[in-house]
Peer 1: 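Just passing along the structure, written as structure tokens.
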2 protein chains.
Amino acid sequence: MSNNLDFVAKLRNSGLRPTKQRIKICEILFGGKETFHFSINDLSKIIAQKTNEKISLATIYNTVHAFLGKGYLKQIAVNSEQSYYDTNVSDHHHFYDVDKDQLIDIHDSEVEPVKINRKIPGKKIKSIEVLVKLQNI
Amino acid sequence: MSNNLDFVAKLRNSGLRPTKQRIKICEILFGGKETFHFSINDLSKIIAQKTNEKISLATIYNTVHAFLGKGYLKQIAVNSEQSYYDTNVSDHHHFYDVDKDQLIDIHDSEVEPVKINRKIPGKKIKSIEVLVKLQNI
DNA sequence: AATCAGATTATAACTATTCTAAAGTAATAA
DNA sequence: TTATTACTTTAGAATAGTTATAATCTGATT
Ligand SMILES: [Mn+2]
Ligand SMILES: [Mn+2]
Ligand SMILES: [Zn+2]
Ligand SMILES: [Zn+2]
């Protein structure tokens, strides 16, 4: 449970001015015990619900992009309808519950390391992402 | 190298009328030796280039959706900018070259089977997709 | 040939996202 | 402190991918 001074420092350290809006978004994204996954729309709703003063959509997009660029957030490719983000920036894989439209972390201990036996000349691996789609039994 | 009668049969067998437009799209999608990956925009350009009479975007979307529903195409989640489709409907994984915005098949022989050691109650696995992002060295 | 369900199309509508440019705010200098 | 400046926020416009609408057309069937 970080306090706001931590967020101010975090923002300053990465060259972002600690504005009211950014600090509030930090609280929501990084102030809880658990990491979580969200869409911009999700985040916008959480903000609306936890805050009196509203934050514009443009600022939410700007801030999420800035945090992505700083490595404070990760983007998850689930489908092409919207972008999903993850406050868990460690390397890990996901279940995607297609019925509930929900991402669930798969810990590295829960999946055998993915071994790719092929090289592409001139290219190096940037990331390996496993997406396990789940549906109701 | 199928001929058009094959496509007519394929369409009829799945309850789709073999129209001029659908047959032309079949030729492009399934008439070559190799499978490939495409976006709607890609397909639209290929059609424009290989055809005198143009096919409307609405028909291209309709047809791709119909083929998806019949299992003639697979949808690949790469990013949230647009949808990508695959004429290779077998179970397989992908490289994604982020610099060239291009998908490359990974054959099952080139990757160790992905083993997930976790169950989610009430859910079953629908698919397991590995996306290996590549960048220039 | 007549009929009719299904298909195509232009175009409007929709949604997620990005852009714009004006007004506001935080950092810094004086 | 105040002035200056660069960065930030914001409403709203613009864009892009996609889906919906409704008129027209076409292929299958009688
Ligand atoms: Mn959601
Ligand atoms: Mn492309
Ligand atoms: Zn996660
Ligand atoms: Zn493929």
Side-chain angles (χ1 to χ4, degrees), chain A residues 4-5 7-28 37-48 51-70 72-73 75-85 101, chain B residues 4-5 7-28 37-48 51-70 72-73 75-85 101:
Chain A
N4 288 8
L5 286 183
F7 298 138
V8 170
K10 181 171 187 161
L11 290 166
R12 259 196 234 290
N13 286 338
S14 53
L16 298 170
R17 284 188 184 171
T19 63
K20 229 176 22 206
Q21 292 85 347
R22 284 173 180 161
I23 292 168
K24 167 56 73 179
I25 293 175
C26 275
E27 286 175 29
I28 291 169
H37 308 94
F38 64 93
S39 67
I40 293 288
N41 189 45
D42 294 334
L43 180 53
S44 174
K45 279 187 193 142
I46 297 170
I47 292 170
T51 310
N52 302 349
E53 336 188 20
K54 56 171 154 296
I55 299 178
S56 78
L57 246 194
T59 296
I60 298 174
Y61 274 102
N62 287 343
T63 303
V64 165
H65 288 164
F67 289 178
L68 254 190
K70 295 301 176 186
Y72 300 157
L73 290 175
Q75 193 160 14
I76 313 291
V78 177
N79 60 45
S80 41
E81 284 152 34
Q82 73 211 116
S83 287
Y84 288 84
Y85 302 92
D101 182 27
Chain B
N4 288 7
L5 286 183
F7 298 137
V8 170
K10 180 172 188 161
L11 290 166
R12 259 195 235 290
N13 286 337
S14 52
L16 298 170
R17 282 190 186 169
T19 63
K20 229 178 19 206
Q21 293 84 347
R22 283 173 179 161
I23 292 168
K24 168 55 74 178
I25 293 175
C26 275
E27 285 175 30
I28 290 170
H37 307 94
F38 64 93
S39 67
I40 293 289
N41 188 45
D42 293 335
L43 180 54
S44 173
K45 278 186 194 142
I46 296 170
I47 292 170
T51 311
N52 302 350
E53 336 188 18
K54 57 171 152 296
I55 300 178
S56 78
L57 246 194
T59 296
I60 297 174
Y61 275 102
N62 287 344
T63 304
V64 165
H65 288 164
F67 288 179
L68 256 189
K70 296 300 176 185
Y72 301 156
L73 290 175
Q75 192 160 16
I76 313 291
V78 178
N79 60 45
S80 42
E81 285 152 32
Q82 72 211 115
S83 287
Y84 288 84
Y85 302 91
D101 181 28

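Just so we're clear, the structure is a prediction, and the values are computed from it rather than from any experiment. Throughout, a chain's letter reflects where its sequence line sits, starting with A, and its residues are numbered from 1.
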Peer 1: With sequence neighbours left out, write down each residue that passes salt bridge (Lys or Arg N to Asp or Glu O under 4.0 Å) with A/Lys10, or none if nothing qualifies.
Peer 2: none
Peer 1: Earliest and latest nucleotide of DNA chain D, 5' to 3', sitting under 4.0 Å from a non-hydrogen atom of chain A?
Peer 2: D/dA6 to D/dA11
Peer 1: First and last nucleotide of DNA chain C touching chain B, 5' to 3', heavy-atom cut-off 4.0 Å?
Peer 2: C/dA5 to C/dA10
Peer 1: Between B/Leu16 and B/Leu57, name the one whose nearest nucleotide on DNA chain C is closer to the 5' end.
Peer 2: B/Leu16
Peer 1: Considering every strand and a 4.0 Å limit on heavy-atom distances, what is the contact class for B/Thr19: base, sugar-phosphate, or nothing?
Peer 2: sugar-phosphate
Peer 1: With a 4.0 Å cut-off on heavy atoms, is A/Ser83 in touch with a base, just the backbone sugar-phosphate, or nothing at all?
Peer 2: sugar-phosphate
Peer 1: With sequence neighbours excluded, what pairs up with A/Asn41 under the side chain to side chain contact (heavy atoms under 4.5 Å, CB included) test?
Peer 2: A/Ser39, A/Lys45
Peer 1: Take B/Leu11 and B/Phe67 through the side chain to side chain contact (heavy atoms under 4.5 Å, CB included) test and state the conclusion after the steps.
Peer 2: CA-CA 9 Å; B/Leu11 290 166; B/Phe67 288 179; 3.6 Å; yes
Peer 1: Any donor-acceptor pair under 3.5 Å linking the side chain of B/Arg22 with the backbone of B/Arg17?
Peer 2: yes
Peer 1: Quick check on DNA chain D: between B/Ile40 and B/Arg12, whose nearest nucleotide comes earlier from the 5' end?
Peer 2: B/Ile40
Peer 1: State which residues pass side chain to side chain contact (heavy atoms under 4.5 Å, CB included) with B/Gln75; sequence neighbours excluded, sorted by chain then number.
Peer 2: A/Ser80, B/Leu68, B/Ser83, B/Tyr85
Peer 1: Return each pair, listed once, that meets side-chain hydrogen bond (donor to acceptor under 3.5 Å, both in side chains) where at least one residue sits in residues 51-61 of chain A; pairs must be two or more places apart or across chains.
Peer 2: A/Ser56-A/Thr59
Peer 1: Could you report the tightest heavy-atom contact between A/Tyr84 and A/Asp101, atom names first, then the distance?
Peer 2: OH-OD1, 2.7 Å
Peer 1: On DNA chain D, compare the nucleotides closest to B/Glu81 and B/Arg17; which residue's is nearer the 5' end?
Peer 2: B/Glu81
Peer 1: If you look at every strand shown and take non-hydrogen atoms under 4.0 Å, does A/Asn41 touch a base, only sugar-phosphate, or nothing?
Peer 2: nothing
Peer 1: Please name the pair of heavy atoms, one in A/Ile25 and one in A/Ile60, separated by the smallest distance, quoted to 0.1 Å.
Peer 2: CD1-CA, 4.4 Å
